[in-house]
Amino acid sequence: MEDHPRIRLALVWTQVFVAVTAVAGGVALAIGSLSTELMTLLSPPAEYLAGSPFGSYLVPGLILAVVLGGVHVAAFVAVVRLSGSALVLSAAAGYATLIWIFVQMMFIPFSPLQLLYFAVGSFELGLVMLLLGLLPTRGTLHRAADARADRGLGGSAAFER
């Protein structure tokens, strides 16, 4: 992870964004479910819960704040500390975001926020794959081209366009 500080920084900011918004959204859902005066302001329509296992937004709000927000906080701390579990926690956080959105879309009609968080979760997983070396970075593409040039197979000019 130390070889790619920009990628790690992007991962950290992504985790901060999801952690803060998940905790804030979860708290808003929980408060909205407990206060009838705030319900319409802080919660989606109660009709969206029809067919779900939930009678109010209290439990989904707690899951959003504690589980999704919590796994992102844990991943953030691990990445900042360069812990050996950082990429595993980061992958779990990215998958948790996607799972949250997939389950949410089963009950709540499409909204642009769902698209945003699907993109954010996918981006987070892409960053993890880059840090794991599963996807090539610009530097690895240039090194591969230089190695091919050393073997007489062509230079790196194709990658510089």
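Inter-residue side-chain proximity for Phe107 and Phe54 is flagged as unmet; no heavy-atom pair is nearer than 4.5 Å. You'll find the side chain of Val79 reaches within 4.5 Å of the side chain of Arg8, heavy atoms only. The side-chain heavy atoms of His72 and Thr97, taken from C-beta on, include a pair separated by under 4.5 Å. Looking at heavy atoms from C-beta onward, Leu29 lies out of side-chain contact with Leu58 at the 4.5 angstrom threshold. When side chains are defined from C-beta on, Trp100 counts as touching Ile63, because their heavy atoms get closer than 4.5 Å. Counting heavy atoms from C-beta outward, Phe17 and Tyr117 have side chains that approach closer than 4.5 Å. By the 4.5 Å heavy-atom criterion applied to side chains, Ile108 and Gln114 are counted as neighbours.
When all heavy atoms are compared, the tightest approach of Phe110 to Pro112 is CE2-N, 4.1 Å. When every heavy atom of Ala22 is checked against every heavy atom of Leu64, the shortest pair comes out as O-CG, 3.4 Å. Closest of all the heavy-atom pairs between Ala78 and Ser85 is CB-OG, 4.3 Å. Nearest heavy atoms, Ala93 versus Glu124: CB-OE2, 3.6 Å. Nearest heavy atoms, Leu130 versus Pro136: CD2-O, 3.8 Å. When all heavy atoms of Val73 and Ala19 are compared, the closest pair comes out as CG2-CB, 3.9 Å.
Distance alone, capped at 3.5 Å, is enough to place a donor-acceptor pair between the Ser33 side chain and the Ala30 backbone. Between the side chain of Tyr95 and the backbone N or O of Leu125 there is no donor-acceptor pair closer than 3.5 Å. Panel note: side chain Ser90, backbone Leu87; no donor-acceptor pair is recorded below 3.5 Å.
Neither Val12 nor Val71 shares a network with the other; the hydrophobic side chains, linked directly or stepwise wherever heavy atoms of I, L, V, M, F, W or Y lie under 4.5 Å apart, form separate groups for each. Under the 4.5 Å side-chain heavy-atom criterion for Ile, Leu, Val, Met, Phe, Trp and Tyr, Leu89 and Ile7 are members of distinct hydrophobic clusters. Residues Val88 and Ile99 do not share a hydrophobic cluster, clusters being chains of Ile/Leu/Val/Met/Phe/Trp/Tyr side chains in contact below 4.5 Å. Leu34 and Leu62 fall within the same hydrophobic cluster, where Ile, Leu, Val, Met, Phe, Trp and Tyr residues are linked whenever their side-chain heavy atoms come under 4.5 Å apart, directly or through other members. In terms of hydrophobic clustering, with Ile, Leu, Val, Met, Phe, Trp and Tyr side chains grouped at heavy-atom distances under 4.5 Å, Leu9 and Leu11 are assigned to a common cluster.
Interatomic distance, Arg6 CZ to Leu127 CG, rounded to the nearest 0.5 Å: 13.5 Å. Expressed to the nearest 0.5 Å, how far CG of Leu115 lies from CE of Met105 amounts to 8.5 Å. Between atom OH of residue Tyr48 and atom OH of residue Tyr57 there is a gap of 7.5 Å, rounded to the nearest 0.5 Å. In this structure, OG in Ser122 is found 5.0 Å from CG in Leu98, a value given to the nearest 0.5 Å. Rounding to the nearest 0.5 Å places CE of Met129 at 5.0 Å from CG of Leu135.
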